[in-house]
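See below for the structure under consideration.
This is a predicted model, so every value here is computed, not measured.
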Amino acid sequence: GDVTADLSDGIIIGSDGITLDGGNSYGIYGTATGTGAAAALAGNYGWNTGVGTVSPDGQYGVLIDGKDNVTIRNIGSIQTFHAGIVVKNANNVDILSNSISLLPYSAMQVVGSSGVTMTSNTVSGVVSNYGCVVQISSSATVTLNQNNISGDGWGYCITNSNGVDIDANNIASNMGAHINGVPESSNIQIRNMQFSSGKEIWIGGCHPSCSTTIVKSVTITGNTFDG
């Protein structure tokens with residue numbers, strides 16, 4: 001059945017080789033907000049956070065911490081957590097066909113992980129003025145493809161990562177993308193995307209300042225730019 005979490009994470013994956021399948025109906029519901037004490041967590045989801053952090057004080061719909069060969073799929077609704085699905089220090093994780101909404105910071109966050117695929121997820125109502133709806137940091141071999149993403153803030157951010165493939169996502173026209181080094185990102189592909197005048201692709205640099213940021217081997221192919 002549905003899972004409701006009042007004060008902490010919704011579901012924590014505790015073993016390798018787990019498949020969590022919601023059958024397109026069951027949901028995971030929290031009570032997190034981005035106000036009050038929770039506002040201090042905003043920096044964990046920013047586009048210039050460097051190596052990226054996952055706060056122990058955060059509330060997460062699904063937390064995969066140090067577990068490998070995990071699949072999260074067909075969750076009918078993940079709502080009202082600081083971040084919907086968090087992958088930390090994990091390998092070979094598939095996040096497929098989930099519905100994630102009504103979050104103050106981030107829908108999907110990948111930190112210190114490799115072999116992560118995020119495909120055919122629907123994300124809406126993420127008010128990520130502080131940071132990134134999808135955040136990939138200090139990770140390798142990550143795929144974000146065929147997702148529907150809407151909300152406020154940056155649609156996706158890549159920091160200190162390599163081998164990232166962004167392909168054929170439908171991202172709302174008011175949302176941009178940010179790729180920085182801090183210290184280095186490389187081998188990034190942005191393919192088959194639709195960009196409008198309301199979007200920005202920011203490659204390189206950091207704000208307000210940083211000592212080193214290197215972005216190299218970025219391939220942008222098959223995209224459409226309007227405006």
Side-chain angles (χ1 to χ4, degrees), residues 1-34 36-46 49 51-123 125-126 128 130-144 147 157 161:
D2 294 338
V3 174
T4 300
D6 292 332
L7 297 174
S8 60
D9 302 312
I11 293 177
I12 299 174
I13 301 300
S15 300
D16 296 340
I18 295 293
T19 295
L20 178 64
D21 191 329
N24 293 314
S25 58
Y26 294 120
I28 307 171
Y29 302 94
T31 58
T33 70
L41 297 172
N44 294 292
Y45 310 100
T49 56
V51 297
T53 56
V54 178
S55 171
D57 298 322
Q59 297 179 33
Y60 310 118
V62 179
L63 175 62
I64 305 163
D65 188 352
K67 307 303 176 186
D68 300 335
N69 304 313
V70 172
T71 298
I72 308 299
R73 67 188 184 201
N74 303 325
I75 306 298
S77 181
I78 299 174
Q79 290 187 4
T80 326
F81 293 92
H82 294 124
I85 299 175
V86 174
V87 182
K88 176 185 176 185
N89 300 331
N91 302 297
N92 303 322
V93 175
D94 292 327
I95 301 171
L96 310 172
S97 302
N98 303 286
S99 179
I100 306 170
S101 63
L102 304 178
L103 307 175
Y105 294 135
S106 182
M108 295 179 285
Q109 186 180 20
V110 178
V111 178
S113 299
S114 66
V116 179
T117 298
M118 296 169 279
T119 299
S120 299
N121 299 284
T122 298
V123 176
V126 180
S128 193
Y130 300 100
C132 312
V133 174
V134 177
Q135 184 180 48
I136 301 165
S137 56
S138 298
S139 295
T141 317
V142 178
T143 298
L144 179 73
N147 300 278
C157 303
S161 296

Quiz item: Got a sec, which pairs hit salt bridge (Lys or Arg N to Asp or Glu O under 4.0 Å) with one end in residues 132-143, sequence neighbours left out?
Solution: none

Practice problem: Could you list all the salt bridge (Lys or Arg N to Asp or Glu O under 4.0 Å) pairs where at least one residue sits in residues 94-123, not counting sequence neighbours? | Solution: none

Practice problem: Enumerate the residue pairs fulfilling salt bridge (Lys or Arg N to Asp or Glu O under 4.0 Å) with a member in residues 108-118, sequence neighbours excluded, ordered by first and then second residue. | Solution: none

Quiz prompt | Pairwise distance CG(N24) to CG(N74) - rounded to 0.5 angstrom | solution = 4.0 Å

Quiz item: Counting N and O atoms only, with roles assigned by atom type, does the side chain of H82 sit under 3.5 Å from a partner on the main chain of G58, one being a donor and the other an acceptor?
Solution: no

Quiz item: What residues form a side chain to side chain contact (heavy atoms under 4.5 Å, CB included) with T122, not counting sequence neighbours?
Solution: N148

Quiz item: Can you tell me if N98 uses its side chain to pair, donor with acceptor, with the backbone of G76 under 3.5 Å?
Solution: no

Exercise. Would you name the heavy atoms of S106 and V133 that are closest together and state the gap between them?
Key: OG-O, 3.2 Å

Quiz item: Between CG of N92 and OG1 of T141, what distance do you get to the nearest 0.5 Å?
Solution: 9.5 Å

Self-check item: Sidechain-backbone polar pair: S113 side chain, N89 backbone, donor-acceptor under 3.5 Å
Solution: yes

Quiz item: Would N121 and N147 count as having a side-chain donor-acceptor pair, cut-off 3.5 Å?
Solution: yes

Quiz item: Atom CG of D16 and atom CG of N69: how far apart are they, to the nearest 0.5 Å?
Solution: 6.5 Å

Exercise. Could you note down all residue pairs passing salt bridge (Lys or Arg N to Asp or Glu O under 4.0 Å) where residues 108-123 supplies at least one of them, sequence neighbours left out?
Key: none

Exercise. Apply salt bridge (Lys or Arg N to Asp or Glu O under 4.0 Å) to D21 and list each qualifying residue two or more places apart in sequence or on a separate chain.
Key: R73

Self-check item: Short side-chain to backbone donor-acceptor contact, S161 and S138, under 3.5 Å
Solution: yes

Self-check item: Inter-residue atom distance I136.CD1 - T143.OG1, 0.5 Å rounding
Solution: 8.5 Å

Self-check item: OG1 on T80 to OH on Y29, rounded to 0.5 Å
Solution: 9.0 Å

Quiz item: With distance as the sole test, does S114 use its side chain to make a donor-acceptor pair with the main-chain N or O of N91 at under 3.5 Å?
Solution: no

